[in-house]
Each structure stands twice: as structure tokens, then as C-alpha cells.
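Below is one structure; the comments refer to it alone.
The chains referred to below are lettered A, B, ... by the order of the sequence lines, with proteins before strands, and numbering in each begins at 1. It should be emphasised that the depicted structure is a prediction, and the values quoted were computed from it without experimental measurement.
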Amino acid sequence: MSDMRELSKGFDHATVDPKWYAFWESSGAFRADPASSRPPFSMVLPPPNVTGVLHIGHALNQTLPDIVCRWKRMTGHDVLWLPGTDHAGIATQNVVEKHLADEGTDRHALGREAFVERVRAWSRQSHGTITSQMRTLGSSVDWSRERFTLDDDLSRAVRRVFVTLYREGLIYRGKYIVNWCTRCRTALSDLEVVHEEQAGRLYHVRYPSATEGAAESGPAAEGGTDTEGADAARRGANAAEGAAGGGGVTVATTRPETMLGDTAVAVHPDDDRYRGLVGGTLRLPIIGRELPVVADEFVDAGFGTGAVKVTPAHDPNDFEMGRRHDLPQVVVIGEDGRMTAEAGSFAGQDRLAARKAIVERLEAEGLLERVEDHRHAVGHCSRCHTVVEPLVSTQWFVRIKPLAEPAVAAVKDGRTRFVPENWARTYFEWMTNIHDWCISRQLWWGHRVPAWYCDRCGSVVVEEEAPEACGCGGPLRQDTDVLDTWFSSGLWPFSTMGWPDATADLARYYPTSVMITGLDIIFFWIARMMMLGMKFAGDVPFKVVYITSLVRDAHGRKMSKSKGNVVNPLQVMDEIGADAFRFTLAALASPGMDISLSEGRLRGYRQFVNKLWNVSRFVLMNLPASLTERPPAPPPAGLGTIHRWVLHRVSELAAEVTRALEGYRFDVAADRLYHFIWHEYADWYIELVKPHLQEEAEDREQALAVLLAVHDRVLRLAHPFMPFVTEELWQTLPAAADAADDGRTPDGRARTVTRAAWPEPVAAWADDEAVSVLTLLQEVVTGVRTVRAELGVPPSRRLRLQIEHADPAERAVLDAHGEYVRRLAGLEAFEFVEAAPADPDTVRRLVRRMRLYLPLAGIIDRAAETVRLRREIDKISKQLGSLEGKLGNPKFRERADPEVVAETEARHAAARQRRQQLDEVLAELAP
RNA sequence: AGGCGCGUAGCUCAGUCUGGUUAGAGCGCCUGCUUGACACGCAGGAGGUCGGCGGUUCGAGUCCGCCCGUGCCUACCA
């Protein structure tokens, strides 16, 4: 028809999506406006690594906040969603180092400055990748406010925080035991160490008494092994059964290589076995050093032999114990993971090779009493998986307790709320057991520690800006370390808004409204933002933290490259479009449940997008070209039942979706939209409204007005979930007569659904009567359709339906809506009768109290019908039994809600009647 | 070792907080349909002892206890 609008047959996301993103961006649809009179709503984007690519975790953690932002924009908020990227110190540096290795060089050959420039160049180049992928996903961030953690102003914020904390004594520098990655050659924070349970060994080693030991294994014994002598020694050791027997002590260790650095042996003060030894000395095998025996509460008398070797330089507990007992630190493992000169003949060996050699040596000397299998957790570098080495090293630390306390209190008193609230527990647990935070890294890529050292007077100068010279006039050299990347991301919610300056953005948008992010960075990031935000920005960084789940593969397994089950969001979006992908993520995002991305769900929602597309095609092809304005929804009073029904339902939908979003139930919102759009709007309303849209229909205008009102609302409600397709479809609708209700870009020149008003429930549309009418129509139509399907009646065959036992109200409803029933059930006609027709080939079906009779001469399959009836009778008998049990129980009548009792009674009566009717029908069919 | 979760149809999941219709959805499966929006569709159907045992209750998928299975996080027992 010439005066009809048209849409292409299918939705082509590849061309549509980029078109609208470019439009939104250029028209400023996502720009926040601090001068606006609208209430503010703000979020900051968890900054992805600048050199990263969009992975499934980003996809979820951007889709959900994007849904919230788009919704809030439509509810009339001035929305700021601030994007940016993270320099990701160690991760990015590792990548570039790998590039250099491929080129046959390394960063030391390049030099610090050139290396940093190289990383910067790579970051610049890579930056476009992640940001364009965010656009593909549809993230409605305000690009005009994009930030990078290494930007000048953010770096200034980092220095301000560092200097302030230093002056307050909350940052200190010192020589402590830290987690050291021998491959990355840097210190790591506790969080960057991943513990993995591993099969290891527990070696029981005999440390002889100082006198005894001197003879057996001093330095003199080193260099050669006398097998005979060793055997003799072993026999001797075995003979000393008691742990403290023979003047020596047996200790148990999982890391024999560290024994070379032992400076004591410790026992529990109350351990009677060793009481006599405390204060005495033992002889360290191989090395021959004399070791004092100390008593310390830390020792667990029940573990191993109850005596523990103490290596203050290579074990965190021993480090503490060493300080308590004033023990020397002997460093036997270097920063490169090799044994140092202190390790005597083992010097230069890798720590693991040394372990083996030392065990052999002990064995040879007869000092290895026993080896047990022992499972224990071993720390690995989270970046390169190298086994982490505890080392004593000079580093910078943040004193965390004074910062953690207010951050805990803020969650306790609800200034920041976790959703789901269970996560607060995890947060508390970590925050109350937290250790000081090692923030210095021996890397080049990052914020350089703003500390300078004077070689002349030895003083340390900590300043925001590089000082000229030391107070003593001596030259200064800057600390070569950089800060942990999370130190700068911890400032993100306020550093990105201009802090330390008192900017308009900061005043308006801080604290942010919500933070939506994954559980994997609660400690790395959420906790640090809480601590630093409260300390420096004067308030919590966000009022709500929504913790998203982990995305897994279709079978609930963690995605990993080695398993080959990694879902690439870009590929998925390429195949099914961003809208279907986003809708799937939302639909699967049940709180507290990990998300299993199943192909079936993805496909199902792609088809849903297609459904929405085709509904729109239907709407459009029924719009006369003369209709250039979307008419306001007509008042329900003068409307037919189907219109009143759909208005009622779409109004309820608005309420349901809104409620779901308010509770962060993205899954519920998606489910409601899906069900309404497909199974109510498309399956029923569109089918019902068709005749009213005929050109000759006298109520066509009215039908069009309702159809457009519903369609417009549907697109708006679906927009946060499926931004691209809804914008494309919404743009094809005629603009509203009432411009106030019609989304406009900030410059007012173009329409956009991103800023259209969010549909509110309309009280005047509530219409339970229309619902009950539709329910009856649906039941009758479905009843007839079921008979047709089961008995294989071709659709072309128009049937005559007879209805018995309809009560007057039902008769009136069916009569009034006869045309709908005839059309949807494929009837030639229906009529009400007083008695069952005599025709033996008539099939009966029960709907409520009514009996539907369909004459099916030549088609009816009595046997099949009998089977079906028997099955139905079985079912209803079971139901009847349980209902009778319930009603027969006097306590039920006494205690249950009277409404429930009445309802149950009604159900019981209906079931009984139905049972009786079915029996009759069956008797007629199979006498 | 502690903490948190999960176990409902063949598969992926809602429903459990606030106990009470006939436990729902998508995918898959079966039957029939080129129905003038859509075969990425339409209509109909099969399929569930809600992990197990015990308890509370008139009534339990839902509340309580124990057990089994499974996943994750935290952790300085050498």
C-alpha cells in the first residue's frame, strides 16, 4: 500500500547500532550537565585496563550500569556516567616487556625513560580498542569526561594523597617482609598473591645440639659426603625417639631451602617436651651456625614435632618472631630467586633446585628423619603465576587500620549499602583482618613515588612537586619505585571529578549514586575507594554497591583460555547484536547466582529482538501516512475491552519493570518485558486488534491510538535493555502531539528515546473487568484450539461450536466478543445450547463450568480421546484428593486465612464438578 | 581452617525472604500448520518424588537441624 510506512524485513544490527551510537554521542545525549535543574544521578565506570580488550566480565559490568543509567536518564535525572581507563601498572608493563622480549631486547637495555615512552605509545594505540568496544556494547558514558589514571590531574591527586598520608604518619617506609615475585622482580600486595592448595612435603630434619652437631656437620663436613658416616648418623638419629632426645631437636618444614637462613628454633613455652632446651643452643646442619632455642606463643605444639625452625628473612611469621626475640636476619634467597652467598655451596642455585640438593645432603648426613606428604597453600603471583617468595625488603606501606575503621562504620550504619547485602559480611571480614598495604612496586610504569633522598644528609623529602634540592643543599634523587596501580584507582570516584580542586562536578556528583562491579575486586577496589574516599573526599564514594556475579560458560564452569570455553562478547555481538546480548545478560543476572551463558538463552533473546522488530513492522504498516503525529492515548471509558485490557497490562508492566529496576532485579525486569511483549502484546492484543485496523473499520482511529500508545510505551520500557533496536524503532514512530512527553536531544533539535520520559503506571487504566473478560476469551479459544490440535483438524476447517452450561454472565461476555472468539478459534459460528447434541461424533471439552461441543464427523479418534480423558481424570482426582485432605482437616478451617479457605472451597467445588463432567463425557465416549 | 553460595523439567535458570491456586520461563523434544508482522514464526503437547533424611506446622520447593554433592572467597600452622 502506498501510504504505509515500511521497515526492512529484518533487524540489521551491524548497520543500525553504530549509526545510533554516533548520533547519541554527537548530540550529547549522554552528557551530564551540572547546570541542569534535574536531580543528579552519578556513577563512575570501573576503568578497564587501557591495553585490555572487552571481555565477558566487562560486558556484564557495563550492561547492568548502562541499564540503570539509561533508565535514570528517562526518569528525568541528570545522569553522569564517567568513563576512563586504568594504566594497570604491572599488567601493562608485563605485556610490553613481552613485546620487547620478542624483539630480543629488554627494558634495561632501553632505559627507564624510553621504556615508559614505549608503554605510553602502546597504551595510546590500545586505548582505542577498548573504548570502541564499549561503544559497540552501547555503554552510555559521558565521553567528554573521560579520564586516564595517569592523566596529569589524576597524578596530582595521587601525589596529594601520598604526601598527606605520609605527613599524617599513615604512609611509612621500612624494611619488612613482603611478597616478592622473582620473575616480575617486584614486591606485591597481599591481594596480588593467589593461594593455591598444592601437594607438598613436610620434611622432618634433625638439628643436633650445639656440642653434638659441631662434630657431625659443621662447615668442615661440607664438600664431601661420607656414605658410611651418614648411615651411622641416621642410625643415631633414629635411635633418639623422643623429639628432644639426644640433646638435639627435630623440626618440620615444607621449605628446607630456607633453613640455611635459620637463626633460631622455637617451641611453645608450655611444651614440656622442650622445656629444658629453651635458652640452650642447637647446631644448624650444613651451615653449622649456632641457633638459640626460643619459646614463643606462636608455635603450635600440636603441629609437626612442636619445634619450628625460625627463618626471619624468609617467612612472615618468622619475621615477626625474629623481631620479638631480636634474632638476626640471614638472607639466603635473593630477589632473583637464587641462593645468595650466605647459602654457602648452594649459592647461585635456583631456590627449588637448592631445595632438592639440600634434602639430598640432609639425607646423606642422616639428618632427614622423615618425609610426609603434606597439602598446603602456596602463594603465586597473580600476574605471572610464579611462586611468591617472602623476602625482607625496603618498601612503602599504608597504615591501614585508621583508614579501615571509618570505612567499616560507613557500611555498618548504611551510608553505603551492599546489594545483595550478604557481601557486606565479606567486606567486614576482610576489612577487620586487614594488614598494612605495600604500595611500592619495583616497576617503571605507573605513578612514581613522590619521595626524594639526599645522599649528603640522608634525609627523605616527600613533596607533591619535585624539590630543587635538599634542605642541607645536597642533591636529591627520586625514589625509583612506582605505586601499586590500585592506589590511583582507589581515588577514582573523586580524582576523576577534579579533586583536590573543589569543582562543580565534585560538588554535584560526589558521592556517586551506585557502583556496579564484580565480586573479584571488592577488596582490590571497593574497599580502597571506601577508605580513601572517606579520608579525602569527605564522604563515602557511593551509596550503593551492587555486586555482580561471575559469568561462566553454559555449564557453569569458569571460563578459561586453557579450557577453550571463553565467550568473546565481541563475537557474540557480531552474531546476534548488542541488544540481544545485553538482554541475555540482564535476564540471567539473578542476584547471588553465577551466570551461565547458555547458547540457548542467547538465541532465544535474539529471536525476541526479532519479535519486537516484527511487531513494529506490523504497527508501521498499519499507520496511514496521513498520521504524522502520535495521538495521545484515548481515555479508557469509550474503549473496547481489548484496548482497555492492553492499556491495563502495559500500565502494570511499567510498574513491574520500575519496581524490578529499583531493586536491581534486572532478571525480573527482563522477564516481565519478555513475557508481556511476546505473550500478551504480540500473541493476543495484536491478533485481537487486527480487524479494527482495517481501513473500513469505523473504530480504526481509536485502535491506532491505543496501539501507538502501547507500542511507544513498550519501546521506552525496553530501551535500557535493548538501546539500539528500540531507538531505531522509536524513531520510525510519529512524534507525539505533546512535545513534553517526547524525548529531545539536549540541543532540542532531534528526538531520541534515550531522553524520552519513562512510562509511569496510569491509575485510570486499571481495569480488572477487562482482565476477566480476556481470561475467559483466552480459555475458550485455547479450549477449541487444543481440540483441533489434538485431533488434527486442519485450520481450513471452520467449526461450529456449541456451548452448554454457560452462565448468563459468561454468555453475555462471549456474545459481546463473539467475533474475536470465532476468528481466533477458527469457528464458523458458535451458539449456546440447552442440552448435549445427539451427534455421536461430537467432541466435548470443558472450560470452567461450560461444555464446548465440536461436531467432528469423520475426524474424531475415539481411542485417542478416551486416553486423553482418562489422563485428565487421573490428574484431577489427585488434585481432588489433596483438596479434600486439606478441607477435611478441622485445623485448616480454624487457622487458615478465611480468604484462603473460601478459595480452597471454591477450587474444591470446581474440581468436583469437573471430575463429574469428565466422567460423564468418558461414559458417553466409551460406554 | 573459616566465610559465602548453589543443588527445582534433558540443558540453563526463576519461584524460597513474607509457608497455602494446578511449581513457571527459555532452549531442546513430539504433533500439526507457507495463518498478509515474524518459520528467528504460529497453534498444541510430553516432560518435575523441587539433592537426601529428620523436625516445626492443619499445611513445607518455601522455615529449622543434620547429611550428601558442588562452586567461590578469605587465611602467617611451619
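At least one side-chain heavy atom of His204(A) sits under 4.5 Å from a side-chain heavy atom of Glu372(A). Using a 4.5 Å cut-off on side-chain heavy atoms (C-beta onward), Phe583(A) and Leu588(A) make no contact. Proximity of Leu202(A) to His376(A): side-chain heavy atoms (C-beta onward) are nowhere separated by under 4.5 Å.
Tyr605(A) comes within 4.0 angstrom of nothing in the nucleic acid, heavy atoms only. Within the 4.0 angstrom heavy-atom criterion, no nucleotide atom of any strand lies near His268(A). Heavy atoms of Ala266(A) sit nowhere under 4.0 angstrom from any nucleic acid atom. Residue contacts for Arg425(A): at a heavy-atom cut-off of 4.0 Å it reaches the sugar-phosphate backbone alone, with no base atom in range. If you check every strand for non-hydrogen atoms under 4.0 Å, His679(A) touches sugar and phosphate atoms only. Across all strands, Thr426(A) comes closer than 4.0 Å to no nucleic acid atom at all (heavy-atom distances). Counting non-hydrogen atoms under 4.0 angstrom, Ile686(A) reaches a base of the nucleic acid. Nucleic acid contact for Asp318(A): none, since no nucleic acid atom lies under 4.0 Å from a heavy atom of the residue. At the heavy-atom level, Phe608(A) lies nowhere under 4.0 Å from the strands shown. Within 4.0 Å of Ala307(A), counting heavy atoms only, lies no atom of the nucleic acid at all. Nucleic acid contact class of Thr782(A) (heavy atoms, under 4.0 Å, all strands): sugar-phosphate only.
Looking at Asp579(A) and Tyr605(A), their side chains never bring a donor and an acceptor atom within 3.5 Å of each other. Residues Arg617(A) and Asn614(A) bring a donor and an acceptor atom of their side chains to less than 3.5 Å of each other. The closest side-chain donor-acceptor pair between Tyr681(A) and His711(A) falls under 3.5 angstrom.
For Asp300(A), the listed nucleotide lying nearest its side chain is rA78(B); candidates were rA78(B), rC38(B), rA75(B). With rG15(B), rC77(B), rG26(B) as the choices, the nucleotide that has an atom nearest any side-chain atom of Arg665(A) turns out to be rG15(B). Among the nucleotides rG44(B), rA78(B), rG2(B), the one closest to the side chain of Ala789(A) is rG44(B). In this structure, the nucleotide among rG26(B), rG44(B), rU74(B) sitting nearest to the side chain of Leu191(A) is rU74(B). When the nucleotides rA37(B), rC73(B), rC4(B) are ranked by their closest atom to the side chain of Phe523(A), rC73(B) comes out on top. When the nucleotides rC13(B), rA78(B), rA37(B) are ranked by their closest atom to the side chain of Thr253(A), rA78(B) comes out on top. Closest contact between the side chain of Asp315(A) and the listed nucleotides rA78(B), rC73(B), rG41(B) involves rA78(B). Minimum atom distance to the side chain of Arg617(A) is reached by rC38(B), of the listed rC38(B), rG2(B), rA78(B). Considering only side-chain atoms of Asn317(A), the nucleotide from rG5(B), rA25(B), rC76(B) that sits closest is rC76(B). Distances from the side chain of Phe298(A) to the nucleotides rG3(B), rG5(B), rA78(B) place rA78(B) closest.
Between Trp430(A) atom CH2 and rG2(B) atom C1' the separation is 17 Å, expressed in whole Å. Taking atom CD of residue Glu320(A) and atom P of nucleotide rA78(B), one finds them 17 Å apart after rounding to whole Å. Put simply, CG on Leu688(A) is 15 Å from P on rC42(B), counting in whole angstrom units. The interatomic distance linking Arg788(A) (CZ) with rU31(B) (C1') rounds to 15 Å, in whole Å. Between Tyr664(A) atom OH and rA14(B) atom P the separation is 20 Å, expressed in whole Å. The separation between His435(A) atom NE2 and rU74(B) atom P is 14 Å, rounded to whole Å. The NZ atom of Lys611(A) sits 12 Å away from the P atom of rG26(B) (whole-angstrom rounding).
At least one cation-pi condition fails for Arg425(A) and Trp430(A): the charged atom is not both under 6.0 angstrom from the six-membered ring centre and inside a 45 degree cone around its axis.
Arg823(A) places a side-chain N or O within donor-acceptor distance of the main-chain N or O of Glu687(A), the cut-off being under 3.5 Å.
Pairing of rU57(B), defined by two Watson-Crick or G-U wobble distances under 3.5 Å, is not identified with any nucleotide. Taking a pair to require two hydrogen-bonding distances under 3.5 Å in either a Watson-Crick or a G-U wobble arrangement, rG71(B) pairs with rC4(B). Taking a pair to require two hydrogen-bonding distances under 3.5 Å in either a Watson-Crick or a G-U wobble arrangement, rU62(B) remains unpaired. In this entry rC38(B) has no Watson-Crick or G-U wobble partner, no candidate having both defining distances under 3.5 Å. Nucleotide rU16(B): unpaired (no Watson-Crick or G-U wobble partner with both distances less than 3.5 Å). Base pairing annotation: rU31(B) forms a Watson-Crick or G-U wobble pair with rA43(B), both donor-acceptor distances under 3.5 Å. Base pairing analysis places rC77(B) opposite nothing; no Watson-Crick or G-U wobble pair with both distances below 3.5 Å involves it. Pair check for rC50(B) finds none; no Watson-Crick or G-U wobble contact set falls under 3.5 Å.
Distances shown here put every side-chain N or O of Gln607(A) at or beyond 4.0 Å from the OP1 or OP2 atom of rC38(B). Regarding contacts with the backbone of rA37(B), a side-chain N or O of Lys690(A) is found under 4.0 angstrom from either OP1 or OP2. Between His195(A) and rC73(B) there is no side-chain N or O to OP1 or OP2 distance below 4.0 Å. The phosphate of rC42(B) has OP1 or OP2 within less than 4.0 Å of a side-chain N or O from Trp678(A).
Heavy atoms from other residues, nucleotides or ligands lying under 6.0 Å from CZ of Arg798(A) number more than 12.
Taking atom P in both rA37(B) and rC30(B), one finds a spacing of 29 Å when rounded to whole Å. Between the P atoms of rG28(B) and rG41(B), the separation comes to 9 Å (whole Å). Taking the C1' atoms as reference points, rA78(B) lies 31 Å from rU70(B), given to the whole Å. Nucleotides rC42(B) and rG61(B) place their C1' atoms 34 Å apart, quoted to the nearest Å. Nucleotides rC68(B) and rA25(B) have their C1' atoms positioned 29 Å apart, rounded to a whole Å. Taking atom C1' in both rC4(B) and rC77(B), the straight-line distance is 24 Å, to the nearest Å. Rounded to a whole angstrom, the distance from the C1' atom of rA60(B) to that of rG65(B) is 15 Å. Here, rG24(B) and rU16(B) have their C1' atoms 14 Å apart, quoted to the whole Å.
For Glu790(A) and Thr254(A), each mapped to the nucleotide of RNA chain B holding its nearest heavy atom, the one lying further toward the 5' end belongs to Glu790(A). Between Arg785(A) and Lys9(A), the residue whose closest nucleotide on RNA chain B is further toward the 5' end is Lys9(A).
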**OP:** Determine, stepwise, if the pair Phe303(A) / His268(A) fulfils ring-ring contact (aromatic ring centres under 6.0 Å, His included).
**Re:** CA-CA 11 Å; Phe303(A) 184 88; His268(A) 194 276; over 10 Å; no
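For a distance-only test at 3.5 Å, the side chain of Glu687(A) qualifies as a donor-acceptor partner of the base of rA37(B).
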